[in-house]
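Down below is the structure, laid out as structure tokens.
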Amino acid sequence: VQFIDKYGPWAVISGASEGVGRAFARQLAERGLNLVLIARREGPLRELADGLTAEFGVECAAASVDLEAPGSSERVAEAVGARDVGLYVSNAGADPHGSRFLDLDLEKWQGLVNRNVTNLMRCCHKFGTAMRTRGRGGIILIGSGACYGGAGHLAVYAGSKAFSLNFAEGLWSELRPHGVDVLYMALNMTDTPELRRLLGSRGQLVPEGIAQPEDVAAQALGSLGAVHLVNWGAADEEPGFAPTSASSRRLRTLAIDAASSKVFGD
Ligand SMILES: NC(=O)c1ccc[n+]([C@@H]2O[C@H](COP(=O)([O-])OP(=O)(O)OC[C@H]3O[C@@H](n4cnc5c(N)ncnc54)[C@H](OP(=O)(O)O)[C@@H]3O)[C@@H](O)[C@H]2O)c1
């Protein structure tokens with residue numbers, strides 16, 4: 001089966017205007033998918049959309065939505081309209097603050113939770129429902145190695161990424177029988193404009209040899225449907241920066257799934 005037959009005709013990408021999201025947009029356009037591109041800044045989105053249409057002949061819609069705002073999932077739904085979405089890529093999700101929990105205004109943290117937890121969950125419900133009905137589709141959640149444990153300056157961020165990892169594993173387990181593939185991609189440092197801005201604001205340079213957005217997107221698209229979790233830089237059997245390997249988490253998810261199915265039935 002061709003990628004577009006399984007995951008087309010439309011893909012929705014959050015955080016599409018730069019970095020990893022932009023790399024997804026280009027690689028999906030190359031595969032012939034039409035795109036709904038979401039971010040706050042409309043200018044870079046429009047430019048990307050027009051460029052991809054000119055180069056690959058795909059349709060591209062650009063929607064300026066602040067995913068931190070309450071009700072953002074409804075704005076996403078409005079932007080998508082009646083389009084037939086076969087792939088949802090949730091990419092926007094970095095922590096621009098790098099602050100201790102109590103040293104930042106609570107509403108800033110609430111915005112991060114709105115974007116990384118609430119909006120993500122609601123969009124997965126919307127797109128997942130249509131995919132399950134259709135019996136095909138894919139959901140890619142871009143996460144972080146921070147999903148495996150907390151640390152100072154990362155309390156809310158790591159908590160939100162732990163949510164998305166566990167949420168993804170549950171979705172993977174539930175949607176597998178319906179032909180819908182779910183992938184969690186736990187990134188290590190990746191050379192995005194956002195990382196450069198964050199490090200630059202602290203007078204630091206981007207370290208050499210870190211992941212490139214194009215490689216991250218290519219690995220995610222190549223892994224969708226084959227595995228449920230990729231730890232960037234680590235093979236399926238290696239823990240890497242995580243306490244357990246991707247494959248041992250998969251076995252754990254399946255074992256708990258078998259036990260919970262006995263309790264909850266189908
Ligand atoms: N870069 C790394 O080293 C690294 C490491 C581990 C994990 N990750 C993960 O990789 C993903 C991408 O990270 P990133 O470094 O590229 O930074 P990011 O801020 O998550 O992503 C940048 C993209 O998201 C959009 N965006 C950010 N906030 C938004 C909001 N409130 N509403 C709508 N769009 C928003 C940005 O466009 P606008 O500014 O126009 O809205 C831009 O297109 C994130 O999930 C992050 O947690 C990154």
Side-chain angles (χ1 to χ4, degrees), residues 12-26 35-49 62-73 75-76 79 88-98 107-120 123 140-149 151 153-154 156-165 167-168 183-202 204-217 219-220 230-234 240-242:
V12 175
I13 307 169
S14 83
S17 59
E18 61 182 32
V20 174
R22 191 183 176 92
F24 270 111
R26 191 178 171 78
L35 305 171
V36 179
L37 307 173
I38 294 166
R40 289 165 300 191
R41 287 165 298 162
E42 197 162 0
L45 277 186
R46 257 278 53 94
E47 196 189 322
L48 176 65
S64 166
V65 181
D66 182 356
L67 302 172
E68 295 199 10
S72 62
S73 63
R75 301 290 88 70
V76 171
Y88 168 51
V89 180
S90 169
N91 169 66
D95 178 357
H97 310 303
E107 291 316 308
K108 293 259 195 321
W109 295 129
Q110 185 62 60
L112 201 150
V113 170
N114 288 350
R115 183 189 59 185
N116 287 14
V117 178
T118 308
N119 177 277
L120 174 81
C123 286
I140 297 175
L141 304 185
I142 297 300
S144 162
C147 69
Y148 295 115
H153 296 92
L154 293 172
V156 176
Y157 176 70
S160 76
K161 294 297 181 181
F163 170 84
S164 57
L165 169 67
F167 179 59
L183 175 75
Y184 189 85
M185 178 103 190
L187 299 191
N188 205 331
M189 265 201 182
T190 304
D191 190 355
T192 64
E194 180 62 21
L195 180 74
R196 284 180 177 258
R197 282 192 289 269
L198 186 67
L199 292 179
S201 72
R202 314 283 152 100
Q204 292 173 35
L205 295 173
V206 172
E208 278 180 28
I210 64 173
Q212 294 301 312
E214 296 72 26
D215 298 333
V216 166
Q219 190 177 13
V230 171
N231 290 317
W232 175 261
F241 49 74

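Please read these numbers as outputs of a predicted model, since none were measured by experiment. Atom set for the values below is all heavy atoms of this structure, side chains included, hydrogens, waters and symmetry mates excluded. Counting convention: from 1, in listed order, for ligands and their atoms alike.
Applying the 4.0 Å criterion to heavy atoms of Glu68 picks out, from ligand 1, the atoms 31 (N). Against a heavy-atom cut-off of under 4.0 Å, Ala94 is close to the following atoms of ligand 1: 17 (O), 18 (P), 19 (O), 20 (O), 44 (C), 46 (C), 47 (O). Ligand 1 places these atoms under 4.0 Å from at least one heavy atom of Ala16: 43 (O). Annotation for ligand 1: atoms under 4.0 Å from non-hydrogen atoms of Asp66 are 30 (C), 31 (N), 32 (N). Of all atoms in ligand 1, listed by their number and element, those nearer than 4.0 Å to a heavy atom of Ser17 are 36 (C), 37 (O), 40 (O), 42 (C), 43 (O). The atoms of ligand 1 that sit less than 4.0 Å from any heavy atom of Asn91 are 11 (C), 12 (C), 20 (O), 44 (C), 45 (O). Residue Met189 approaches ligand 1 through these ligand atoms, each under 4.0 Å from one of its heavy atoms: 3 (O). Set against the non-hydrogen atoms of Leu195, the atoms of ligand 1 under 4.0 Å away are 1 (N), 3 (O).
Shortest contact from atom 14 (P) of ligand 1 to any protein heavy atom: Thr192 OG1, 3.6 Å. Among all protein heavy atoms, the one lying closest to atom 34 (N) of ligand 1 is Ala39 CA, 3.5 Å. Leu187 CD1, 4.2 Å is the protein heavy atom nearest to atom 48 (C) of ligand 1. When only non-hydrogen protein atoms are considered, atom 3 (O) of ligand 1 lies nearest to Thr190 N, 2.8 Å. Summary of contacts: the protein heavy atom closest to atom 22 (C) of ligand 1 is Glu18 OE2, 3.9 Å. Taking atom 47 (O) of ligand 1 as the reference point, the nearest protein heavy-atom neighbour is Tyr157 OH, 2.7 Å. Taking atom 9 (C) of ligand 1 as the reference point, the nearest protein heavy-atom neighbour is Gly143 O, 3.8 Å. Looking only at heavy atoms of the protein, atom 25 (C) of ligand 1 is closest to Gly15 CA, 3.5 Å.
Residue-to-ligand polar distances place Gly93 within reach of ligand 1: an N/O pair is separated by less than 3.5 Å. For ligand 1, one of its N or O atoms has an N or O atom of Leu67 under 3.5 Å away. Between Glu194 and ligand 1, a contact under 3.5 Å exists for no N or O pair.
Using a 4.0 Å cut-off between a side-chain N of Lys or Arg and a carboxylate O of Asp or Glu, Glu18 and Arg197 qualify as a salt bridge. With respect to Lys108 and Glu68, no salt bridge is recorded, no charged nitrogen being found less than 4.0 Å from a carboxylate O.
Annotation: side chain of Val216 is in contact with side chain of Trp232 (closest heavy-atom distance under 4.5 Å). Residues Phe167 and Leu141 form a side-chain contact, since some pair of their non-hydrogen atoms from C-beta on lies under 4.5 Å apart. For the pair Val12/Ile38, a side-chain contact is recorded, criterion being any heavy-atom separation below 4.5 Å from C-beta on.
Ligand 1 does not have Pro213 within reach: every non-hydrogen atom of the residue lies 4.0 Å or more from it. At least one heavy atom of Asn188 sits less than 4.0 Å from an atom of ligand 1. Residue contacts with ligand 1 do not include Arg22, since none of its heavy atoms lies under 4.0 Å from the ligand. Within the structure, ligand 1 lacks Gly19 among the residues with a heavy atom less than 4.0 angstrom away.
Here the CD1-CG distance, from Ile210 to Asp215, works out to 11.5 Å after rounding to the nearest 0.5 Å. Rounding to the nearest 0.5 angstrom, the gap separating the CD1 atom in Ile142 from the CG atom in Leu120 is 11.0 Å. How far CG of Leu45 is from CG of Leu35: 11.0 Å, rounded to the nearest 0.5 Å. Interatomic distance, OG of Ser144 versus CG of Asn231, reported as 10.5 Å (0.5 Å rounding). Atoms CD and CG, on Glu47 and Leu37 in that order, are 12.0 Å from each other to the nearest 0.5 Å.
A donor-acceptor distance shorter than 3.5 angstrom exists from the side chain of Ser64 to the backbone of Arg40, with no hydrogens or angles considered. With hydrogens and angles disregarded, a donor-acceptor distance shorter than 3.5 Å links the side chain of Arg22 to the backbone of Ser17.
Aromatic ring pairs are classed by plane angle as parallel below 30°, tilted from 30° to 60° and perpendicular above 60°; the pair His97 and Trp109 is perpendicular.
Nearest heavy-atom pair, Gly98 versus Arg202, reported as atom, atom and distance to 0.1 Å: O-NH1, 3.6 Å.
Contacts of Val65 with ligand 1, taken as heavy-atom pairs under 4.0 Å, involve the backbone alone. In Ile142, the parts holding a heavy atom less than 4.0 Å from any atom of ligand 1 are both the side chain and the backbone.
Side-chain atoms of Asn119 and Ser73 form no donor-acceptor pair, as typed in the model, at a separation below 3.5 Å.
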